[in-house]
Protein chains: 2
Amino acid sequence: MEKRNLSLAHEAMQRHASEAERFLKELANANRLMVLCHLVSGEKNVGDIAEAVGLSQSALSQHLARLKDAGLITSERRGLMIYYRLCSAEAQAVLAVLQLIFCREHP
Amino acid sequence: MEKRNLSLAHEAMQRHASEAERFLKELANANRLMVLCHLVSGEKNVGDIAEAVGLSQSALSQHLARLKDAGLITSERRGLMIYYRLCSAEAQAVLAVLQLIFCREHP
DNA sequence: ATTCTATTTTAGCAATATCTAAAATACTTA
DNA sequence: TAAGTATTTTAGATATTGCTAAAATAGAAT
């Protein structure tokens, strides 16, 4: 039973690690991080985000689709524009830690 | 001065985001995450880690070299074996958050 | 010195990521 | 309905990732 427990623990660890990997890969990109940081202060439309982040609309749209597919953001159309907002508490938690680490005034 | 401040802020944000990206890319891999998690409980040699994580020594060695290069771990030879240990408070902080998110008993 | 054990390095390959440019879609307004 | 605006989708090019297999190193033991 010891061996079986160990391999069960190992499989659980692998499963958790794979989930964490999928999650972290969404964040591990400077442009997507900037998008998410901009969304922390409230919803924004694509054009506004593109300007803030400095990306072509097409490139940004692909990032947004990815983040939405991963469940980190949601979108809502109102008139011509489509507004995106953060919807993941987990992402917000990690963003907060990253901000402490990388966005200090005096590193 | 407004425009210049904005672009300064934007450049600072880009710099921070790029640093965070480099950091996150090191973590955004299930095998490296498992390595780091094993090192949280203290130093280990390569063979032990390879067995715990289930990777070939060569593949593991390449991951370890990467993590070391990124400043997340250090190594020390004692006799035949080389021991690795975690040396990044930042990595530990993020690992702690990830554990809360992904390693709960009841998700 | 030769051999053994632990680990690293190199080369090469298949899969993934990310951009640009061009075409397509969706809603609005004239 | 035609034209305009906002956004998405597709295609393709280039770079990066992460493995395996084979060769190279480093220190220990015989």
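The sequence lines fix the lettering, A, B, ..., with proteins before strands; numbering per chain opens at 1.
Contact annotation: B/Arg32 reaches the phosphate of D/dG18 (side-chain N/O to OP1 or OP2, under 4.0 Å). The phosphate of D/dC19 (OP1 or OP2) has a side-chain N or O of B/Asn31 nearer than 4.0 angstrom. Close to C/dA17, at under 4.0 Å from its OP1 or OP2, lies no side-chain N or O of A/His63.
At distances below 3.5 Å, at least one donor-acceptor pair connects side-chain atoms of B/Arg77 with backbone N or O atoms of B/Gly79. In this structure a side-chain-to-backbone donor-acceptor pair under 3.5 Å is present from B/His10 to A/Ala52. Looking only at distances, no side-chain donor or acceptor of A/Arg66 sits under 3.5 Å from a matching main-chain atom of A/Gln62.
A straight line from CG of A/Leu67 to C1' of C/dT18 spans 13 Å, rounded to a whole angstrom. When the P atom of D/dC19 is taken as reference, atom CG of B/Asn29 falls 6 Å away, rounded to whole Å. Computed from coordinates, the A/Ile82 CD1 to C/dT28 P distance equals 11 Å when rounded to whole Å. Per the geometry, CG belonging to A/Leu24 stands 18 Å off P belonging to C/dT16, to the nearest Å. When rounded to the nearest whole Å, the span between CG of A/Leu64 and P of C/dC19 equals 12 Å. A/Ile73 has its CD1 atom 13 Å from the P atom of D/dT7, to the nearest Å. The NZ-P distance, from B/Lys68 to C/dT8, rounds to 7 Å in whole Å. Regarding A/Leu60, its CG atom lies at a distance of 12 Å from the C1' atom of D/dA6, rounded to whole Å.
For the pair B/Arg78 and B/Tyr83, the cation-pi test (distance below 6.0 Å, angle within 45°) is passed.
Side-chain polar atoms of B/Lys68 and B/Thr74 form no donor-acceptor pair below 3.5 angstrom.
Taking all atoms of both residues into account, the shortest heavy-atom contact from A/Cys37 to A/Leu95 is SG-CD2, 4.4 Å.
Backbone-only contact: B/Tyr84 has heavy atoms under 4.0 Å from sugar-phosphate atoms and none from a base.
Salt-bridge check for B/Lys44 with B/Glu51: failed, with every basic side-chain N at 4.0 Å or more from each acidic carboxylate O.
Closest to the A/Ser61 side chain, of the nucleotides D/dA21, D/dT9, D/dT17, is D/dT9.
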Expected string for nucleotides 24-30 of chain D under the B/S/- scheme (protein heavy atoms, under 4.0 Å, primed atoms plus P, OP1, OP2 as sugar-phosphate) is --SBS--
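The number of heavy atoms from other shown groups lying within 6.0 Å of CD (A/Gln92) is above 12.
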With a 3.5 Å cut-off and sequence neighbours excluded, list the donor-acceptor pairs that the side chains of residues 18-25 of chain B form with protein atoms.
| from | atom 1 | to | atom 2 | distance (Å) |
| --- | --- | --- | --- | --- |
| B/Ser18 | OG | B/Gln14 | O | 3.0 |
| B/Glu21 | OE1 | A/Ala30 | N | 2.5 |
| B/Lys25 | NZ | A/Ala28 | O | 2.9 |

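Applying a 4.0 Å cut-off to non-hydrogen atoms, the residues of residues 46-58 of chain B that approach DNA chain C are B/Val46, B/Gly47, B/Gln57, B/Ser58, listed by residue number.
Nearer the 5' end of DNA chain C, as judged by each residue's closest nucleotide, is the contact made by A/Lys25, out of A/Lys25 and A/Gln62.
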